[in-house]
**Student:** 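Submitted below is the structure of interest, expressed as structure tokens.
Quick caveat: nothing in here was measured; it's all calculated off a predicted structure. Along the sequence shown, residues are numbered consecutively beginning with 1. One-based numbering, in listed order, for ligands and for the atoms of each.
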Amino acid sequence: MTRLQALIFDVDGTLANTERDGHRLAFNTAFAEAGLDWHWSVAEYGDLLAVAGGKERIRHYMQQACPGWQAPVALEAFIAQLHGAKSRHYQSLLAQQVIPLRLGVRRLLQEAREQGMRLAIATTSTLANTMALLKHCLDPEAPTWFEVMATGDQVAAQKPAPDVYLLALQQLGLAPQSCLVFEDSAIGCQATDAARLPVIITVNNYTCHHSFPEARLVLDSLGEPAQPLTVLSQPSHHPIAVEYVDMAFLYRFYRDYCD
Ligand code: XBP
Ligand code: MG
């Protein structure tokens, strides 16, 4: 029997709903500042989230949605500069603490830490943007809570490729079946599956219509004692009763459904 040894967290959409009022606003501000007439609406941004990673998303948009636009000759440098400006605006939004953590995240992380559970991050976002989110939304010391921080700027291929999860596993020195991942999106879920990691999904407004055939459990949030979660999809053979995700639940769930 394998023992649960680490929890791995996706960041955007899982720890906090950063996309609509964080990353999207920062992209739009950077576009305006660069004199571009691009503006990503809430709905259009939802479609663009199918492309993981800020630089990759900008490149995809240029190629797909701007047919008449004359791309600069030094395209990669242009994208890097635009993304650098976007990251500056994103980090300044985070510093204003306008983006709260999702329900139950702080409680579960605190309990996991108290119990000595190993913690890791696996995100498409950059290390700098991830550090800013952890510091401003969770705790100034939060970057030290995570023994491993695998980020998009450290790997060749973004989710749904498994690279960032494989990097997290390599740095943890663990086999996938000793870990449990928290994700929010279909591409994130596919990445965990490709890395053979068991995953629990907590959906949000951008991902509630995604399908998660590879997930062990799909929830609307981690819940809190006074704000119970809703189970959206679960193992078919045995209905799960849970009001909020805590460590006792995770050990039980892991033993019954992941090991
Ligand atoms: C979500 C993403 C990120 C952000 C942009 O990542 O796709 O690309 O939208 O971040 P995840 P950067 O759910 O894997 O955390 O601009 O920092 O790349
Ligand atoms: Mg995510």
**Student:** Around atom CZ of Phe146, are there more than 12 heavy atoms from other residues, nucleotides or ligands closer than 6.0 Å?
**Tutor:**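 Result for CZ/Phe146: enclosed.
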**Student:** Please indicate whether any nitrogen or oxygen in Leu49 is less than 3.5 Å from any nitrogen or oxygen in ligand 1.
**Tutor:** no
**Student:** Could you walk me through whether Phe249 and Ile240 pass the side chain to side chain contact (heavy atoms under 4.5 Å, CB included) check?
**Tutor:** CA-CA 10 Å; Phe249 170 77; Ile240 286 168; 3.8 Å; yes
**Student:** Give the numbers and elements of all ligand 1 atoms closer than 4.0 Å to a heavy atom of Val11.
**Tutor:**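 The atoms of ligand 1 under 4.0 Å from a heavy atom of Val11 are 15 (O).
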**Student:** If you measure every N or O of Ser87 against every N or O of ligand 1, does any of those distances drop under 3.5 Å?
**Tutor:**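 Ser87 vs ligand 1: no N/O contact under 3.5 Å.
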**Student:** Taking the non-hydrogen atoms of Tyr206, is any one of them nearer than 4.0 angstrom to ligand 1?
**Tutor:**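 No heavy atom of Tyr206 comes that close to ligand 1.
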**Student:** Any idea which atoms of ligand 1 are less than 4.0 Å away from a heavy-atom of Asn129?
**Tutor:** 12 (P), 16 (O), 17 (O)
**Student:** Got a salt bridge between Lys86 and Glu33, using NZ or NE/NH1/NH2 to carboxylate O under 4.0 Å?
**Tutor:**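 No, this pair does not count.
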**Student:** Against ligand 1, does Arg57 come closer than 4.0 Å with any heavy atom?
**Tutor:** yes
**Student:** Using a 4.0 Å heavy-atom cut-off, which part of Glu19 comes near ligand 1: side chain, backbone, both, or neither?
**Tutor:**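 Glu19 to ligand 1: side-chain contact only, backbone stays beyond 4.0 Å.
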**Student:** Apply the side chain to side chain contact (heavy atoms under 4.5 Å, CB included) test between Val203 and each candidate in Val218, Asp184, Thr14, Leu219; give the one that qualifies.
**Tutor:** Val218
**Student:** Please confirm whether Gly53 comes within less than 3.5 Å of ligand 1 when only nitrogen or oxygen atoms on both sides are compared.
**Tutor:** yes
**Student:** With atoms numbered from 1 as shown, which atoms in ligand 1 lie under 4.0 angstrom from a non-hydrogen atom of Thr124?
**Tutor:**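 Every atom of ligand 1 under 4.0 Å from some heavy atom of Thr124: 6 (O), 8 (O), 11 (P), 14 (O), 15 (O).
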**Student:** Just jot down the ligand 1 atoms closer than 4.0 angstrom to any heavy atom of Thr126, in number order.
**Tutor:**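 Selected atoms, number and element: 17 (O).
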**Student:** One thing to verify: whether Lys55 and Asp153 come together as a salt bridge, which I'm taking to mean a side-chain N less than 4.0 angstrom from a carboxylate O.
**Tutor:**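 No, no charged N to carboxylate O under 4.0 Å.
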**Student:** At distances under 2.8 Å, what protein N, O or S atoms surround the Mg ion (ligand 2)?
**Tutor:**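 As for protein N, O or S atoms lying under 2.8 Å from the Mg ion (ligand 2), they are Asp10 OD2, Asp12 O, Asp184 OD1.
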**Student:** Output the list of atoms in ligand 1 that are nearer than 4.0 Å to some heavy atom of Thr123, sorted by atom number.
**Tutor:** 6 (O), 11 (P), 14 (O), 15 (O)
**Student:** In Å and rounded to the nearest 0.5 Å, what is the OG1 to CG distance from Thr207 to Leu49?
**Tutor:** 9.5 Å
**Student:** Is Glu141 salt-bridged to Lys135, going by a charged N under 4.0 Å from an acidic O?
**Tutor:** no
**Student:** Does His83 approach ligand 1 within less than 4.0 angstrom via side chain, backbone, both or neither, non-hydrogen atoms only?
**Tutor:**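 For His83, only side-chain atoms sit under 4.0 Å from ligand 1.
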**Student:** According to the interplanar angle, ranging from 0 to 90°, do the rings of Trp38 and Tyr61 count as parallel (below 30°), tilted (30 to 60°) or perpendicular (above 60°)?
**Tutor:** perpendicular
**Student:** Measure the CD-OG1 distance between Gln158 and Thr124 for me, rounded to the nearest 0.5 Å.
**Tutor:**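 It is 5.0 Å, given to the nearest 0.5 Å.
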**Student:** Any non-hydrogen atom of Ser185 lying under 4.0 Å from ligand 1?
**Tutor:** no
**Student:** Between Glu19 and Arg24, does at least one N-O distance fall below 4.0 Å, as a salt bridge requires?
**Tutor:**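 Between Arg24 and Glu19 there is no salt bridge, as every charged N stays at least 4.0 Å from the carboxylate O atoms.
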**Student:** At less than 4.0 angstrom from any non-hydrogen atom of Tyr45, what atoms of ligand 1 do you find?
**Tutor:** 9 (O)
**Student:** Using a 4.0 Å cutoff against the non-hydrogen atoms of Ala52, which atoms of ligand 1 qualify?
**Tutor:**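 Near Ala52, the atoms of ligand 1 are 7 (O).
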**Student:** Any idea which protein heavy atom is nearest atom 6 (O) of ligand 1, and the distance to it?
**Tutor:** Asp12 OD2, 3.3 Å
**Student:** Starting from atom 17 (O) of ligand 1, locate the nearest protein heavy atom and write down its residue, its atom name and how far away it is, to 0.1 Å.
**Tutor:** Ser125 OG, 2.6 Å
**Student:** Please state which protein non-hydrogen atom is closest to atom 18 (O) of ligand 1 and give its distance, to 0.1 Å?
**Tutor:**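 So the nearest neighbour among protein heavy atoms is Gly54 N, 2.8 Å.
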**Student:** Any non-hydrogen atom of Glu183 lying under 4.0 Å from ligand 1?
**Tutor:** no
**Student:** Near Asp10, which atoms of ligand 1 are under 4.0 Å from a heavy atom of that residue?
**Tutor:**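 Answer, ordered by atom number: 11 (P), 13 (O), 14 (O), 15 (O).
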**Student:** So Phe182 and Phe9, would you call those rings parallel, tilted or perpendicular, with 30° and 60° as cut-offs?
**Tutor:**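 The arrangement is parallel - the two ring planes meet at less than 30°.
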**Student:** Going by the side chain to side chain donor-acceptor pair (under 3.5 Å) test, name the single residue among Arg196, Gln170, Glu183 that passes it with Tyr165.
**Tutor:**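 Option passing the side chain to side chain donor-acceptor pair (under 3.5 Å) with Tyr165: Glu183.
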**Student:** Quick check: Lys86 and ligand 1, any N/O pair under 3.5 Å apart?
**Tutor:** yes
**Student:** Does Ser178 reach the main-chain N or O of Leu174 with its side chain, forming a donor-acceptor pair under 3.5 Å?
**Tutor:** no
**Student:** Between Leu101 and Leu138, is the side chain to side chain contact (heavy atoms under 4.5 Å, CB included) condition met? List the steps.
**Tutor:** CA-CA 7 Å; Leu101 290 175; Leu138 187 50; 3.4 Å; yes
**Student:** Does the side chain to side chain contact (heavy atoms under 4.5 Å, CB included) test come out yes or no for Cys179 and Gln5, once each step is laid out?
**Tutor:** CA-CA 6 Å; Cys179 306; Gln5 295 191 60; over 6 Å; no
**Student:** Walk me through it: do Asp12 and Asn129 pass the test side chain to side chain contact (heavy atoms under 4.5 Å, CB included)?
**Tutor:** CA-CA 10 Å; Asp12 296 297; Asn129 287 344; over 6 Å; no
